[in-house]
Amino acid sequence: MERSGDKAVQEKVCFSAHCTIMKVIRARVLGFCMGVRRAMDMADTALLQAAQLATKFPVYAMGPLIHNPQAMEKLKSRGLKVLEEDQLPEDLETSSVIIRAHGITPDLEAALTKRRTTLIDATCPKVKASQLRARSLCGEGYRVFLAGERQHAEIIGIQGYAPDCIILGTPMEAVEAAGKLFSEKPNARTALIGQTTISEAEYAAIGAEIGKLFPDLCIINTICRATRDRQDSLRELCAQVDAVIVAGGSDSANTRRLLVIAQSFEDAHGRGKPAWLVEKVEDIPSGIGAYNTLGLCAGASTPDGLIDAIEKALLEPGNICPSALTGDMLGAII
């Protein structure tokens with residue numbers, strides 16, 4: 001079977017003894033992105049090496065390595081421990097700490113180094129580039145606007161590299177923040193950096209609002225291609241299906257964004273697409289068999305195994321779509 005992230009659209013139709021049930025179509029691109037897969041591979045290597053040592057050598061993750069509870073539970077079952085920033089042990093000399101894919105602040109990295117741990121930097125290269133660009137712009141005298149979710153780990157990490165940055169969540173917040181800065185320093189040199197998972201439309205809208213007062217705004221293209229690919233493939237998918245299942249963790253920003261895109265996709269009658277976020281097989285909504293064709297997409301932190309398990313559950317004979325059956329078929333089932 002092709003794995004998640006492959007470029008081919010996959011269609012599956014399951015047959016019971018008497019009838020055809022719903023068709024499930026996978027998005028062209030779905031599942032782990034490069035940064036998440038890299039972090040998972042680094043964690044796997046660290047845990048394997050620790051297991052081969054005769055002496056105890058704990059492996060920690062600085063916060064959730066990725067935003068998927070099933071993936072994290074699997075790593076924990078192999079011995080991975082999760083550190084909280086406000087509860088760091090005083091001495092980590094005989095351990096290794098993996099920096100999460102979303103990155104951390106320079107101050108937190110310094111605190112870990114001070115505790116003599118072995119640091120394994122699994123920060124996504126795209127996020128690391130944003131961190132370094134933010135620091136560089138601040139050093140050049142720019143006031144940096146940072147577009148994204150204020151409490152998201154990636155935004156918190158980037159903010160650490162640009163402490164005086166202005167965080168924006170919406171175009172409306174951009175209007176207010178730009179106005180405040182203009183009243184204080186109308187000739188300020190300004191730059192805009194976005195969370196790697198922000199939507200292009202939202203990022204453009206935020207930039208447009210700031211640009212009304214600061215026409216020389218330097219807009220840095222920080223949106224990850226993997227985010228665009230998953231969002232674009234979902235839009236393609238929505239045009240082919242009756243409803244959509246978004247597989248992934250509810251604490252994943254890019255997964256939640258996919259859900260919003262699916263639900264806001266309007267059909268010819270102006271109606272939104274029925275869509276659900278499914279974190280585990282048990283979350284599949286009852287009555288899903290009422291749809292003839294179901295789309296399956298997944299966030300960038302969703303493991304292949306979870307996607308496969310959800311697809312398998314959707315294709316169980318119990319999910320028969322009544323509208324796809326003839327009278328004879330219905331009679332045979334009844």
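- Residues V241 and Y291 form no side-chain contact, since every pair of their non-hydrogen atoms from C-beta on lies 4.5 Å or further apart.
- The residues E176 and K180 are annotated as not salt-bridged, no charged nitrogen and carboxylate oxygen being separated by less than 4.0 angstrom.
- Although no hydrogens or angles enter the test, the distance criterion places a donor-acceptor pair under 3.5 Å between the side chain of T302 and the main chain of A247.
- R150 places no side-chain N or O within 3.5 Å of a backbone atom of G169 that could act as its donor or acceptor partner.
- For the side-chain contact (heavy atoms from CB on, under 4.5 Å) criterion with V97, the lone passing option out of L88, V59, L112 is L112.
- Between P69 and G249, the closest heavy-atom pair is CD-CA, 4.0 Å.
- Under a 3.5 Å cut-off, the side chain of T293 and the backbone N or O of K23 do not form any donor-acceptor pair.
- Put simply, the side chain of P58 does not reach to within 4.5 Å of the side chain of L92, judged on heavy atoms.
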Original post:
Passes side chain to side chain contact (heavy atoms under 4.5 Å, CB included), L48 versus R78? Steps please.
Top reply: CA-CA 9 Å; L48 284 174; R78 297 176 56 196; 3.7 Å; yes
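- Within 6.0 Å of atom CZ in R115, more than 12 heavy atoms from other residues, nucleotides or ligands are found, so the atom counts as buried in its surroundings.
- A donor-acceptor distance shorter than 3.5 angstrom exists from the side chain of T222 to the backbone of G194, with no hydrogens or angles considered.
- Using a distance-only test at 3.5 Å, with no hydrogens or angles considered, no donor-acceptor pair links the side chain of K126 to the main chain of C224.
- With no hydrogens or angles considered, a side-chain donor-acceptor pair links S136 and E140 at under 3.5 Å.
- Here D121 does not pair with R38 in a salt bridge; the nearest charged N to carboxylate O distance is not below 4.0 Å.
- With sequence neighbours excluded, no residue forms a side chain to side chain contact (heavy atoms under 4.5 Å, CB included) with D216.
- Between H67 and H152, the two ring planes are perpendicular [angle over 60°; tilted spans 30° to 60°].
- Between the side chain of E154 and the main chain of T196, a donor-acceptor pair closer than 3.5 Å is present.
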**OP:** Start with the C-alpha distance between T255 and E279, add both sets of side-chain angles, then the distance that settles side chain to side chain contact (heavy atoms under 4.5 Å, CB included), and finish with yes or no.
**Re:** CA-CA 10 Å; T255 302; E279 197 168 273; over 6 Å; no
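- In this structure, the separation between CG on L75 and CD1 on I66 is 7.5 Å, given to the nearest 0.5 Å.
- Side chain of R256 to backbone of L277: no donor-acceptor contact under 3.5 angstrom is found.
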Subject >> side chain to side chain contact (heavy atoms under 4.5 Å, CB included) between T170 and E173, worked out >> reply: CA-CA 5 Å; T170 65; E173 290 181 13; 3.3 Å; yes
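- Classification of D232 and R28 as a salt-bridged pair fails, no side-chain N sitting under 4.0 Å from a carboxylate O.
- At least one side-chain heavy atom of M72 sits under 4.5 Å from a side-chain heavy atom of L65.
- Checking side-chain atoms of R230 against main-chain N and O of V29 turns up no donor-acceptor pair under 3.5 Å.
- Two residues are said to be in side-chain contact when any heavy atoms from C-beta on lie closer than 4.5 Å; Q231 and L258 meet this criterion.
- Residues E202 and R257 are paired through a salt bridge, judged by an N-O separation under 4.0 Å between the basic side chain and the carboxylate.
- Side-chain atoms of Y203 and L192, non-hydrogen and from C-beta on, do get closer than 4.5 Å to each other.
- Among I99, I158, T123, the single residue meeting the side-chain contact (heavy atoms from CB on, under 4.5 Å) criterion with K128 is T123.
- R116 has its side chain within reach of D91: a pair of non-hydrogen atoms, C-beta onward, lies under 4.5 Å apart.
- Between V36 and M40, the closest side-chain pair of non-hydrogen atoms falls below 4.5 Å.
- Atom CG of residue L83 and atom OG of residue S95 lie 7.5 Å apart, to the nearest 0.5 angstrom.
- Considering only heavy atoms from C-beta on, L314 comes within 4.5 Å of I310 through its side chain.
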**OP:** Could you walk me through whether R26 and E311 pass side chain to side chain contact (heavy atoms under 4.5 Å, CB included), step by step?
**Re:** CA-CA 9 Å; R26 287 193 180 201; E311 180 180 58; 3.2 Å; yes
